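Because the structure is a prediction, the values reported are computed rather than measured. Here is how names work: the chains are called A, B, and so on, in the same order as the sequence lines, proteins then strands, and each is numbered from 1.
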Amino acid sequence: MRTLPPTGCPAHTGRAGRSRGRRGAAPTLHGVTSTGEEGAVPSAGALEEQRRIRQAKADALRAAGVDPYPSRFDRTATAGELHGRFGDLGPQTETDVSVRVAGRVLLARRMGKLIFLTVQDDSGTVQLFVSRADLGEGPFDAVADLDLGDWVGAEGTVMTTKTGELSVRAATVTLLAKAVRPLPDKWRGLSDTDTRFRQRYVDLIVNEEARQTFRVRHRTIAAFRRQLDDEGYVEVETPVLQTEVGGAAARPFVTHHNALDQQMYLRIALELHLKRLVVGGIERVYEIGRVFRNEGISTRHNPEFTMVEVYRALADFDDMIGVAERMICRAALEATGSYTVAHPERAGASIDLTPPWPRRSIVDLVAEYTGRTVSVHDDVADLRRTCDDLGVSYEAWWGPGRLVYAIFDKRVEEHLGHDRPLFATGYPAEVSPLAKPTPGEPENTDRFELFVGGRELANGYSELNDPVRQRAMFEAEVTAAEHGDDEAQRSVDEDYLRALEYGLPPTGGLGIGIDRVAMLLSGSASIREVILFPTLRPEVVD
RNA sequence: GCGCCUCUAGCUCAACGGCAGAGCAACGGACUCUUAAUCCGCAGGUUCUGGGUUCGAAUCCCAGGGGGCGCACCA
């Protein structure tokens with residue numbers, strides 16, 4: 001193992017340490033804190049006191065010629081690498097392997113002339129063994145002067161302590177960045193959810209579960225990309241800012257472009273642009289991107305969330321069921337290593353993701369869970385009575401398709417996918433304006449939704465590619481909007497129809513809510529746990 | 001939007017009509033193998049804000065604000 005030359009100056013952090021514990025030594029901390037004691041100014045409180053003290057340490061270092069925020073540090077090993085390479089070293093072993101590690105000081109155990117620092121980097125934690133005999137008095141005092149939260153770099157040799165703890169016996173310790181705010185309680189961590197989300201950086205420092213959740217999210221997205229790449233798809237990016245939104249039923253966010261003096265919207269779905277690309281000949285295409293829906297916030301809804309939408313020429317909804325299954329199964333294996341995941345809401349229960357997943361039509365499911373036989377061919381009056389019986393509310397202008405779907409949505413979905421994922425199929429055309437009708441049955445479409453743990457995770461269908469029928473469906477949406485459905489599309493997307501008129505091949509489409517998959521695979525009960533910075537009310541700063 | 005719950009030191013929490021407290025963090029000190037180190041000492045408060053009831057309010061009431069959960073919304 002190579003020993004690195006001592007590029008760091010051993011006295012680096014040592015200088016300022018002399019200001020502590022030595023009578024009459026130059027820049028004392030007290031000299032800096034002696035301001036702001038006026039009676040007119042109320043006590044700044046414990047936080048201000050701690051920040052003042054830490055800032056004074058940084059100022060004292062600077063005055064002594066040491067930069068408390070230096071530029072770089074040559075690290076040769078991470079904590080994880082050290083545990084991987086030296087994890088089986090017996091107790092009280094000294095090696096001559098020299099390494100340079102860096103990270104944030106999480107814990108400090110000061111034992112007089114010996115200090116143990118627990119330092120955390122991206123890969124884990126490792127202990128620094130700091131001896132006054134090794135460093136000399138000044139540098140040692142500087143280490144004693146470090147605060148929890150400071151970033152440090154250390155050069156030293158790999159060793160284990162009497163109790164077998166893998167450590168780096170420090171020859172030099174360098175302050176890399178001074179933290180002037182204190183960390184939360186070192187044992188209890190940070191639990192206030194509002195603070196955890198607003199100050200996610202602190203959450204990530206002190207809560208391993210938070211770090212793990214976002215590792216799962218990253219692996220999920222990476223697995224989706226790999227699977228689609230393996231199947232020959234092209235990843236693209238389409239506009240977020242649009243003058244006309246469509247592809248989903250949702251209220252959009254409205255914004256304004258100054259130079260064009262044009263009202264614009266943030267997209268609510270990826271669908272219509274991706275299908276334009278299939279028209280253009282990109283036969284297998286997908287996008288992973290943020291969509292925005294101006295709706296309520298809940299455990300399962302954030303106003304901006306991430307979807308992957310996938311379109312494949314010459315395929316139908318049945319093919320897309322396979323794509324969805326392969327993507328989510330791969331994500332489960334790569335993110336968690338298992339097809340068995342904890343049920344998000346039922347303590348102790350688990351869900352088995354082993355493919356293939358069962359399929360049922362929504363009318364079968366309605367019959368099973370409500371005991372009612374319904375059909376899009378039923379009279380509206382009969383369906384309304386069924387809704388009344390089941391306590392499902394509806395609007396006067398709804399046709400049979402909306403009524404059947406409402407029964408399924410309100411009384412059935414919550415029961416689905418608790419043991420295994422379930423594909424529900426056979427959705428009414430009235431609620432599926434972009435889906436291709438089932439052959440010989442124009443009131444229904446070749447569409448599916450995937451349910452896991454009572455939640456909708458994915459949605460897909462054989463894409464409607466007949467421009468005449470698509471125009472009729474759009475016009476029906478505009479009518480619905482005029483009836484007060486504020487989630488229906490308000491105008492006919494003429495450019496999209498023009499694209500269809502150039503010929504969209506038979507195409508299967510699929511959309512998966514990535515946040516919900518991340519929730520499932522990370523065992524998170526709230527969508528806010530899987531979004532780094534979820535939407536919150538603005539912080540009140542006083 | 002509606003209902004219920006919640007807000008106390010930097011963090012995690014007590015006190016629930018009668019002197020606002022503890023642990024950790026901080027600060028001063030002891031300590032050369034600790035593991036949330038330990039020990040001694042010392043400080044830190046607009047009890048979310050504003051009203052009200054009361055001899056007396058962190059505590060009870062009203063209004064407002066932040067947050068959580070549920071409902072509604074979310075093809």
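- Close to B/C27, at under 4.0 Å from its OP1 or OP2, lies no side-chain N or O of A/Arg51.
- Contact annotation for A/Asp409: no contact, since no heavy-atom pair falls under 4.0 Å across all strands.
- For A/Arg537 and B/G66, the shortest distance from a side-chain N or O to OP1 or OP2 is below 4.0 Å.
- Side chain of A/Arg516 to backbone of A/Arg455: no donor-acceptor contact under 3.5 angstrom is found.
- Here A/Phe129 lies in heavy-atom contact (under 4.0 Å) with a base.
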* Structure fact -> Output field dot_bracket for RNA chain B (Watson-Crick or G-U, both distances under 3.5 Å, | for other-strand pairs) contains (((((((..((((....[..))))..((((.......))))......(((((..]....))))))))))))....
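- OP1 or OP2 of B/G67 has at least one side-chain nitrogen or oxygen of A/Arg198 nearer than 4.0 Å.
- Nucleotides B/A30 and B/G21 have their C1' atoms positioned 27 Å apart, rounded to a whole Å.
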* Asked: Under the salt bridge (Lys or Arg N to Asp or Glu O under 4.0 Å) criterion, do A/Arg211 and A/Glu208 qualify, and how do the steps go?
  -> CA-CA 5 Å; A/Arg211 292 192 291 273; A/Glu208 166 59 23; 2.9 Å; yes
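- Of the charged side-chain nitrogens involved, at least one lies within less than 4.0 Å of a carboxylate oxygen, so that A/Glu287 and A/Arg267 count as a salt-bridged pair.
- In summary, the side chains of A/Gln199 and A/Asp203 do not present any donor paired with an acceptor at a separation below 3.5 Å, with no hydrogens or angles considered.
- Within the 4.0 Å cut-off from OP1 or OP2 of B/C27, at least one side-chain nitrogen or oxygen of A/Lys57 is found.
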* Stepwise side-chain contact (heavy atoms from CB on, under 4.5 Å) test for A/Val240 and A/Arg290 -> CA-CA 8 Å; A/Val240 172; A/Arg290 206 77 57 86; over 6 Å; no
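- Between A/Arg109 and B/A37, a side-chain N or O to OP1/OP2 separation shorter than 4.0 Å is present.
- Rounded to a whole angstrom, the distance from the C1' atom of B/C33 to that of B/A37 is 11 Å.
- Each of A/Leu416, A/Val431, A/Val392 was evaluated against A/Phe408; a single residue qualifies, A/Leu416, per the side-chain contact (heavy atoms from CB on, under 4.5 Å) test.
- Proximity of A/Thr195 to the phosphate of B/C11: no side-chain N or O atom is located under 4.0 Å from OP1 or OP2.
- With hydrogens and angles left out, the side-chain atoms of A/Glu529 and A/Ser522 include no donor and acceptor closer than 3.5 Å.
- Contacts of A/Gln92 with the nucleic acid, taken as non-hydrogen atoms under 4.0 Å apart, are absent.
- Taking only side-chain nitrogens and oxygens, A/Lys186 comes nearer than 4.0 Å to OP1 or OP2 of B/A25.
- Comparing B/A22 with B/A9, their C1' atoms sit 11 Å apart, to the nearest whole Å.
- Taking only distance into account, the side chain of A/Ser191 never meets the base of B/U12 through a donor-acceptor pair shorter than 3.5 Å.
- Separation of the P atoms belonging to B/C5 and B/U54 is 26 Å when rounded to the nearest angstrom.
- For A/Lys410 and B/C73, the shortest distance from a side-chain N or O to OP1 or OP2 is below 4.0 Å.
- Nucleic acid contact class of A/Glu165 (heavy atoms, under 4.0 Å, all strands): base.
- Between B/A43 and B/G51, the distance separating the two P atoms is 33 Å to the nearest Å.
- Taking atom P on both B/U59 and B/A72, the two are 35 Å apart, rounded to the nearest angstrom.
- For the residue pair A/Tyr405 / A/Glu430, no side-chain donor-acceptor distance below 3.5 Å is found, with atom types taken as modelled.
- Residue contacts for A/Gly401: at a heavy-atom cut-off of 4.0 Å it reaches no nucleic acid atom on any strand shown.
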